[in-house]
Protein chains: 2
Amino acid sequence: MKELLLLGLLLDGKKHGYQLNEYYKHTLSFCADLKKSTAYYILNKLEKDGYVVHETERQGNRPERRVYELTETGRVLFYELLRQNLADYSRTYYDDDIGIAFIDQLPMGEAKQLLKAKRDKLIGTLNQFKEVPAHEGSWRFVIEHNISHLETEVSWLERMLEELCDD
Amino acid sequence: MKELLLLGLLLDGKKHGYQLNEYYKHTLSFCADLKKSTAYYILNKLEKDGYVVHETERQGNRPERRVYELTETGRVLFYELLRQNLADYSRTYYDDDIGIAFIDQLPMGEAKQLLKAKRDKLIGTLNQFKEVPAHEGSWRFVIEHNISHLETEVSWLERMLEELCDD
DNA sequence: AACTGATTAGTCAGTAATGACTACTTTAAC
DNA sequence: GTTAAAGTAGTCATTACTGACTAATCAGTT
């Protein structure tokens with residue numbers, strides 16, 4: 001998937017590392033977690049397979065930098081991956097479930113305290129999302145998507161906190 | 001997190017690889033994706049750090065096998081990881097969002113067809129979950145958790161399918 | 001002019017994860 | 001009795017990913 005993201009960032013013209021990262025931060029950091037070193041790793045791989053090329057440029061006295069550009073096959077790959085991404089579904093695993101599966105190993109009172117801490121962090125994240133200014137286009141759906149899932153998570157947690165009996 | 005899972009599987013006594021895998025399949029395969037080779041990888045790591053030990057046994061004419069057992073520090077680690085897991089929250093990234101972010105790159109008609117394919121697969125997964133027989137204890141919450149998120153995903157998709165205009 | 005912190009660019013060693021593979025056993029079908 | 005399918009146990013080469021690091025420039029401050 002991260003390939004799709006990087007190819008997509010290069011769709012509208014060549015970019016160097018910093019531009020890629022800025023663009024990612026402002027528009028796509030909601031969708032995926034992309035570390036800088038991972039980005040270079042993937043760009044190298046894409047280049048080895050001929051999907052992108054780079055030339056080296058120097059601006060002023062700055063260190064050299066690589067300007068990446070999509071090749072034709074890179075553009076084809078982008079559309080292929082995009083179609084796949086839109087048509088496929090693969091289930092998400094939630095780490096939270098592992099803890100719940102073993103919750104009986106703790107006294108219920110303590111477990112509930114811990115879950116309340118989780119809930120508070122969760123609500124913090126949710127509020128951050130709610131403060132994101134409205135965006136144009138398909139962007140809106142991404143934000144709504146995440147908010148829906150966060151709200152689902154909160155209700156689930158609160159339902160559990162109610163139903164777990166203190167014993 | 002997979003450490004927590006494996007330590008948890010060993011809580012109620014020593015087990016060999018096959019028993020671990022069986023137990024995982026029947027009870028925890030809903031919570032996490034654990035490949036066999038990953039399990040061995042993690043067991044080796046846990047053993048190197050002294051959290052589990054193994055002895056080799058042979059039954060009949062079968063090939064040798066390792067029976068893993070929790071050490072005291074392993075048991076302590078389990079409870080530490082469990083408390084962490086219950087109290088922490090870290091956001092989930094959804095691959096679906098990456099495709100949505102670039103959906104404008106396709107004719108809307110095609111995009112909607114692709115999303116309908118996604119929805120159908122999604123509904124398939126949802127139905128599988130709904131057929132899971134009711135379970136005892138905290139288990140129920142895991143199932144409900146996943147069903148809630150799957151339903152959220154379906155509504156989101158259908159809302160999008162309605163709102164995306166054909167142009 | 002010396003210091004500080006943010007910006008810019010990239011490398012590299014080490015960790016994490018897994019697909020593909022070997023090899024042997026048991027059950028049971030034909 | 002031989003072929004097939006499923007069960008059983010584990011290794012290994014390769015891929016995927018990341019934290020920590022170097023190194024330089026630039027803007028602002030003291």
Side-chain angles (χ1 to χ4, degrees), chain A residues 1-7 9-10 14-26 28-29 31-49 51-69 77 81 90-93 95 98, chain B residues 1-7 9-10 14-26 28-29 31-49 51-69 77 81 90-93 95 98:
Chain A
M1 286 300 101
K2 299 187 174 176
E3 282 82 358
L4 173 60
L5 199 157
L6 280 166
L7 293 170
L9 288 176
L10 289 170
K14 43 174 82 167
K15 294 196 176 58
H16 56 254
Y18 191 69
Q19 287 174 315
L20 283 173
N21 193 48
E22 285 301 292
Y23 196 42
Y24 158 72
K25 274 200 303 196
H26 294 325
L28 291 162
S29 56
C31 309
D33 185 26
L34 183 66
K35 306 281 192 300
K36 187 165 57 121
S37 39
T38 308
Y40 281 112
Y41 165 68
I42 292 183
L43 284 169
N44 284 335
K45 199 158 47 98
L46 288 172
E47 180 150 35
K48 185 180 53 104
D49 295 336
Y51 300 118
V52 304
V53 290
H54 84 262
E55 55 202 33
T56 317
E57 95 174 5
R58 171 187 293 273
Q59 201 181 35
N61 240 344
R62 291 314 191 82
E64 282 195 339
R65 63 189 178 189
R66 304 181 205 149
V67 181
Y68 287 94
E69 187 176 8
L77 180 62
L81 292 178
S90 89
R91 65 157 295 202
T92 305
Y93 289 93
D95 279 355
I98 304 181
Chain B
M1 284 300 95
K2 298 187 174 175
E3 282 82 358
L4 173 59
L5 199 158
L6 280 166
L7 292 171
L9 288 176
L10 289 171
K14 43 175 81 167
K15 294 196 176 58
H16 57 255
Y18 189 68
Q19 286 173 315
L20 284 172
N21 193 49
E22 284 300 293
Y23 196 41
Y24 158 73
K25 275 200 304 195
H26 292 326
L28 291 162
S29 56
C31 308
D33 185 25
L34 182 67
K35 305 284 193 298
K36 187 167 56 126
S37 40
T38 307
Y40 281 111
Y41 165 68
I42 292 184
L43 285 169
N44 284 335
K45 199 157 47 96
L46 288 172
E47 180 149 35
K48 184 179 57 101
D49 296 335
Y51 300 118
V52 305
V53 289
H54 83 260
E55 54 201 34
T56 316
E57 89 172 10
R58 171 186 294 274
Q59 202 181 35
N61 239 345
R62 292 313 189 81
E64 282 196 339
R65 64 191 176 188
R66 303 182 205 150
V67 181
Y68 287 94
E69 188 174 7
L77 180 62
L81 292 178
S90 90
R91 66 158 294 205
T92 305
Y93 289 93
D95 279 354
I98 304 181

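Naming: A, B, ... by sequence-line order, numbering from 1 per chain. All values below were derived from every heavy atom in this structure, side-chain atoms included, with hydrogens, water molecules and symmetry-related copies excluded.
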Checklist entry - Is B:Ser37 near enough to C:dG19 that one of its side-chain N or O atoms lies under 4.0 angstrom from OP1 or OP2? => result no
Next on the checklist: Are the side chains of B:Tyr24 and B:Glu22 in contact, using a 4.5 Å heavy-atom criterion?
Outcome noted: no
Checklist entry - Are any of B:Lys36's side-chain N or O atoms less than 4.0 Å away from OP1 or OP2 of D:dC12? => result no
Next on the checklist: I'd like to know if the side chain of A:Glu47 pairs up with that of A:His54 as donor and acceptor (distance under 3.5 Å, no hydrogens or angles considered).
Outcome noted: yes
Checklist entry - Would you call B:Lys14 and B:Glu55 a salt bridge, taking side-chain N to carboxylate O under 4.0 Å as the test? => result yes
Checklist outcome for this item: note: A:Lys45, atom NZ; C:dT11, atom C1'; distance rounded to Å ~ 18 Å
Next on the checklist: In this structure, how many angstroms lie between the C1' atom of C:dG19 and the NZ atom of B:Lys35, rounded?
Outcome noted: 10 Å
Checklist entry - Can you check the B:Asn44 CG to C:dA17 P distance for me, whole Å? => result 13 Å
Checklist entry - Taking atom P of C:dA13 as reference, at what distance in whole Å does atom OH of A:Tyr41 sit? => result 16 Å
Checklist outcome for this item: Rounded to whole Å, the CG-P distance (A:Leu20 to C:dT7) equals 18 Å
Next on the checklist: I need the NE2-P distance between B:His16 and D:dG10, as an integer number of Å.
Outcome noted: 9 Å
Item to check | A:Arg65 CZ - D:dT25 P separation (whole Å) | outcome: 14 Å
Next on the checklist: Holding to side chain to side chain contact (heavy atoms under 4.5 Å, CB included), I want the full list of residues that pass it with B:Ser90, two or more places apart in sequence or in another chain.
Outcome noted: none
Next on the checklist: Quick check on DNA chain D: between B:Thr56 and A:Asp33, whose nearest nucleotide comes earlier from the 5' end?
Outcome noted: B:Thr56
Checklist entry - C:dG10 P sits how many Å from A:Asn21 CG, rounded? => result 12 Å
